[in-house]
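Note on naming: letters A, B, ... go to the chains in the order of the sequence lines (proteins, then strands), and numbering restarts at 1 for each one.
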There are 2 protein chains.
Amino acid sequence: MDPESFAHVEKTGEYRDGTVLVKELVAVGSKEESSGKGYFQGDFSGLEISVKDSKRFPDEPGNWAYFSFGHKYPLKAETAKNGATSCNSCHEKNATKFVFSDLYPVLKDSLQKAKK
Amino acid sequence: MDPESFAHVEKTGEYRDGTVLVKELVAVGSKEESSGKGYFQGDFSGLEISVKDSKRFPDEPGNWAYFSFGHKYPLKAETAKNGATSCNSCHEKNATKFVFSDLYPVLKDSLQKAKK
C-alpha cells in the first residue's frame, strides 16, 4: 500500500480516496530447506493492483477498481481495469471494506488497533 | 535488510560489514480463499535476526552472528547470539555467502544483476 494511505489506515481504520494496493504473487519454491519444513519463496508469479478513487471510478462499488498485469513474465506494461463482476463483486461480498486484510498480518493488526 | 546494506548488495553483490537481516516467520493461515488455492498468510510465528560485524563478531565464521527472539509471543526483548554450531555452521555450508538468498526473489535477483 502507498505509505500515506497506510498511515491513514493506522490512524482511522479506513481506506482513503487514492489508496493503491499492489499484490505480488510468489510461487512456492520448495517445502523443505536446511532449516526444516515450510513454504519457501520461489519466483514471482504475477502482479495485481487495486485502486480506490471516487473520481476515476465513480461507478465501481466502493470506488475500487482492480487491475491485473498478468501471471506470465514479462508482465503487461499497461492494463485496463477488470469488469466489476470479475473482481469487485467478490471483494465486496467476501472481503472487509473491499480488502482481504485478514490475509496480511501487518494490515490486519493495524485495523484492529485503529478500532480501539 | 537495512536499506544501506541492500543498496551495497545491489551495487557490489556483497554483504557489507554492518549488514542486518531481519526474518519474520509467518504461519500459513489458510490454503483456500475466495480467489482460489494458495498459501495465505496467517499470524507471525517468530523473529530471527542475523548481523555481519567484524568488530563485534571477529571469531564467527564470515563475521555473521545469529539471534533468535523466539517463536512464541510476546517475543523476547533481548537475546544472546546463538552458538556458531546451531546456526552459522549450516549457513556457512548450505547458503550463499552465509545468506539463504535463493529463497528471497528480490535479493536473489539483485545478486544476479550485480554479478553482470
Side-chain angles (χ1 to χ4, degrees), chain A residues 1 3 21-50 64 66-68 71 73-75 82 85-113, chain B residues 1 3 21-50 64 66-68 71 73-75 82 85-113:
Chain A
M1 193 184 314
L21 289 166
V22 178
K23 180 171 75 166
E24 282 184 304
L25 301 162
V26 189
V28 174
S30 75
K31 295 186 181 179
E32 185 156 11
E33 292 289 335
S34 318
S35 57
K37 294 187 178 184
Y39 298 96
F40 298 89
Q41 293 181 94
D43 291 319
F44 286 117
S45 57
L47 182 73
E48 296 172 342
I49 294 178
S50 60
W64 281 101
Y66 299 84
F67 302 82
S68 177
H71 298 96
Y73 288 74
L75 295 168
N82 281 298
T85 51
S86 66
C87 295
N88 197 311
S89 61
C90 177
H91 278 252
E92 183 172 25
K93 185 178 172 188
N94 297 315
T96 305
K97 299 177 181 179
F98 295 88
V99 178
F100 284 96
S101 45
D102 282 353
L103 308 178
Y104 302 92
V106 173
L107 181 56
K108 182 172 66 171
D109 188 52
S110 298
L111 287 166
Q112 285 171 346
K113 283 182 182 160
Chain B
M1 195 184 313
L21 289 166
V22 178
K23 180 171 75 166
E24 282 183 303
L25 301 162
V26 189
V28 173
S30 75
K31 296 186 179 178
E32 187 157 10
E33 291 289 335
S34 319
S35 57
K37 293 187 179 183
Y39 298 97
F40 299 89
Q41 294 181 94
D43 291 320
F44 286 117
S45 56
L47 183 73
E48 297 173 340
I49 294 179
S50 61
W64 281 102
Y66 299 84
F67 301 83
S68 176
H71 298 96
Y73 288 75
L75 296 167
N82 280 297
T85 52
S86 66
C87 295
N88 196 312
S89 61
C90 177
H91 279 252
E92 183 172 24
K93 185 179 172 189
N94 297 315
T96 305
K97 298 178 182 178
F98 294 88
V99 178
F100 284 96
S101 45
D102 281 354
L103 307 178
Y104 302 92
V106 172
L107 181 56
K108 182 173 66 169
D109 189 53
S110 299
L111 288 165
Q112 285 171 345
K113 283 182 181 160

To the nearest 0.5 Å, how far apart are [atom1] in [X] and [atom2] in [Y]?
{"X": "Y39(B)", "Y": "Q41(A)", "atom1": "OH", "atom2": "CD", "answer": "14.0 Å"}
{"X": "S68(B)", "Y": "I49(B)", "atom1": "OG", "atom2": "CD1", "answer": "9.5 Å"}
{"X": "C87(A)", "Y": "W64(A)", "atom1": "SG", "atom2": "CH2", "answer": "12.5 Å"}

(message) If you apply the rule side-chain contact (heavy atoms from CB on, under 4.5 Å), what do you find for H71(B) with S45(B), and how did you get there?
(response) CA-CA 5 Å; H71(B) 298 96; S45(B) 56; 5.9 Å; no
(message) So for K93(B), is it side chain, backbone, both, or neither that comes closer than 4.5 Å to the heavy atoms of chain A?
(response) neither
(request) Under 4.5 Å, heavy atom to heavy atom: which of residues 21-31 of chain A reach chain B? Give them by number, or say none. (result) V26(A), V28(A), K31(A)
(message) Sort by residue number and list every residue of residues 98-107 of chain A having at least one heavy atom under 4.5 Å from chain B.
(response) F100(A), D102(A), L103(A), Y104(A), P105(A), V106(A)
(request) Could you list the residues that satisfy side-chain contact (heavy atoms from CB on, under 4.5 Å) with S35(A), not counting sequence neighbours? (result) E33(A), F40(A)
(message) The criterion is side-chain hydrogen bond (donor to acceptor under 3.5 Å, both in side chains); which residues satisfy it with S34(A), sequence neighbours excluded?
(response) N94(B)
